[in-house]
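To start, the structure under review is shown below, and the notes come after it.
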There are 2 protein chains.
Amino acid sequence: MQRISDSTVHRLSKYFRTLIYMQGKGIKTVSSKNLAHHNGVTAAQVRKDLSCFGAFGRRGLGYNVVDLRSNIGKIMGLDRAWKVALCGVGNIGRALLDYDQFRSQGFQITVAFDKDPAKIGKTIHGVSVRNEIDLERDVKAEKVDIAVVAVPARAAQSIVDRLVVGGVKAILNFAPINIKVPPGVYIRHENMAIEIETLSFALTNPDLVQSE
Amino acid sequence: MQRISDSTVHRLSKYFRTLIYMQGKGIKTVSSKNLAHHNGVTAAQVRKDLSCFGAFGRRGLGYNVVDLRSNIGKIMGLDRAWKVALCGVGNIGRALLDYDQFRSQGFQITVAFDKDPAKIGKTIHGVSVRNEIDLERDVKAEKVDIAVVAVPARAAQSIVDRLVVGGVKAILNFAPINIKVPPGVYIRHENMAIEIETLSFALTNPDLVQSE
DNA sequence: AATTGTGAACCTCTTCACAGCT
DNA sequence: AGCTGTGAAGAGGTTCACAATT
């Protein structure tokens, strides 16, 4: 069985959002060319990406918007609700508690942890903040699927280790540091500093990068 | 002159952060192997990345931490201050106004815009929020280098168009939608939904992805 | 002995191009 | 005629392996 590349998964996520938009607009059918145009890729790329999982289109006609959305949703596991825990209720953590794109796609932040006594016990955006001391116990009890780590860099590895002890298999890390996890645990990094520094690089070396 | 890949630039950004950390710890010298280990890549990859820009190490000895940090800083344009404008002072915008990783690396958010009358005129984290109506005029007057777009998806393309009119050449977009920019303008996307959906995919298809 | 810098080999992802279906 | 699905070709990024240096 073939492995699927990160790039393909990222694009599927984008196609999925485009299809939701199109469904909302009442568009019934879409071609690979059109879907590609909405996402800044080539039509061949769209077809290749989809062909990893089956044949969802009809030659000569294109893809049915509702069906393709439903199929990509199933492929990506977006046809169910995921239990999400948030670790670290700082600036970024608070923003994520109220982030539409998580909520609307089935990612429900049901638990939040912090070690600041001033925050523990408070309810923010409908989620009550718990004491980080109980992290392992609580993520196990709540059967958390995915943890979002938004603690300072120096604390991130230890929080992740404890999440793993609590049985969490998927982690989204916002701390600007590499984290080690055992086999079978998935970790993804979201580092906003990297992207803005990439812009700094582009402005500094316009001859070394291609703009759109 | 060779083009530099996004992956290389992203890794340089990571090496840079590692070197800052090492410098803080008083570490004088680092090998490609060590730098690689801190960032989850191979030693050959580190050397190849650096070799795009010159020969910074000494055979048999490794790299001087302070010198390499300084060199990467120059390459990435992190040895200067960038003027950053924020568009959209919602949950994410507010979090970014107080984001350490921006501030400490020379990205100074000096202007913020919103169209909500309740926000205009207020000062948040030391930045006063201006009326979005004056966007083009103000980014031009303030000589903004980089704009961060944190407005809803439906407003993002139009805000970007106006930023371009105002002369902004680099944009960091948080709206979950593809944005078109003219040649010579750099845009990077930060989409947290994509990464969490990638985790959803991994949990749903453990056989199709490799964990660490 | 340790470690860099780098051409060559390797591998992976993207694009091409066309047969096949509507 | 229009559009998908896909093997083959092409492009690009990563790893190997070793000469060069300390």
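The figures here come from the full heavy-atom set of this structure, side chains too, leaving out hydrogens, waters and symmetry mates. To find a chain, count down the sequence lines: A is the first, B the second, and so on, and within it residues start at 1.
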Separation of dG5(D) atom P from L35(A) atom CG, nearest Å, is 12 Å

Hey, is the side chain of R59(B) pairing donor to acceptor with the base of dT22(D) inside 3.5 Å?
no

Output the rounded distance in Å from CZ (F56(B)) to P (dT4(C)).
14 Å

With a 4.5 Å limit on heavy-atom distance, are the side chains of L19(A) and V30(A) in contact?
yes

N/O donor-acceptor pair, side chain K48(A) with base dG7(D), under 3.5 angstrom:
yes

Nearest-Å distance for atom pair OH/P, residues Y15(B) and dT4(C)
12 Å

Looking at the side chain of S31(B), which of dG5(C), dG5(D), dT4(C) is the nearest nucleotide?
dT4(C)

CD on E197(B) to CD on Q101(A), rounded to 0.5 Å:
8.0 Å

F201(A) vs F53(B) aromatic rings, parallel, tilted or perpendicular, using cut-offs 30° and 60°?
perpendicular

Does any donor atom in the side chain of N178(B) or N39(A) lie under 3.5 Å from an acceptor atom in the other side chain?
no

Can you tell me how far C1' of dG12(D) sits from CG of D49(B), to the nearest Å?
14 Å

Considering heavy-atom distances to DNA chain D, does G60(A) or G57(A) have its closest nucleotide positioned more toward the 5' end?
G60(A)

Does a nitrogen or oxygen in the side chain of R47(B) sit under 4.0 Å from OP1 or OP2 of dT4(C)?
yes

Distance check: side-chain N/O of R58(B) vs OP1/OP2 of dA20(D), anything under 4.0 Å?
no

What is the separation between atom CG on D6(A) and atom C1' on dG12(D), rounded to the nearest whole Å?
17 Å

Distance in angstrom units between Q2(A) CD and dT12(C) P, rounded
12 Å

Residue-phosphate contact under 4.0 Å: Q45(B) side-chain N/O, dG13(D) OP1/OP2:
no

For the atom pair NE2 (H38(B)) and OH (Y15(B)), what is the distance rounded to the nearest 0.5 Å?
13.0 Å

Are OP1 or OP2 of dC13(C) and a side-chain N or O of S7(A) less than 4.0 angstrom apart?
no

In whole angstrom, give the distance that lies between atom CZ of R3(A) and atom C1' of dC13(C).
12 Å

Tell me whether the side-chain N/O atoms of S32(B) come closer than 4.0 Å to OP1 or OP2 in dT3(C).
no

Phosphate-side-chain proximity, Y63(B) and dT22(D), N/O vs OP1/OP2 below 4.0 Å:
no

Nucleotide dT15(C), atom C1' - distance to NZ of K33(A) in whole Å:
16 Å

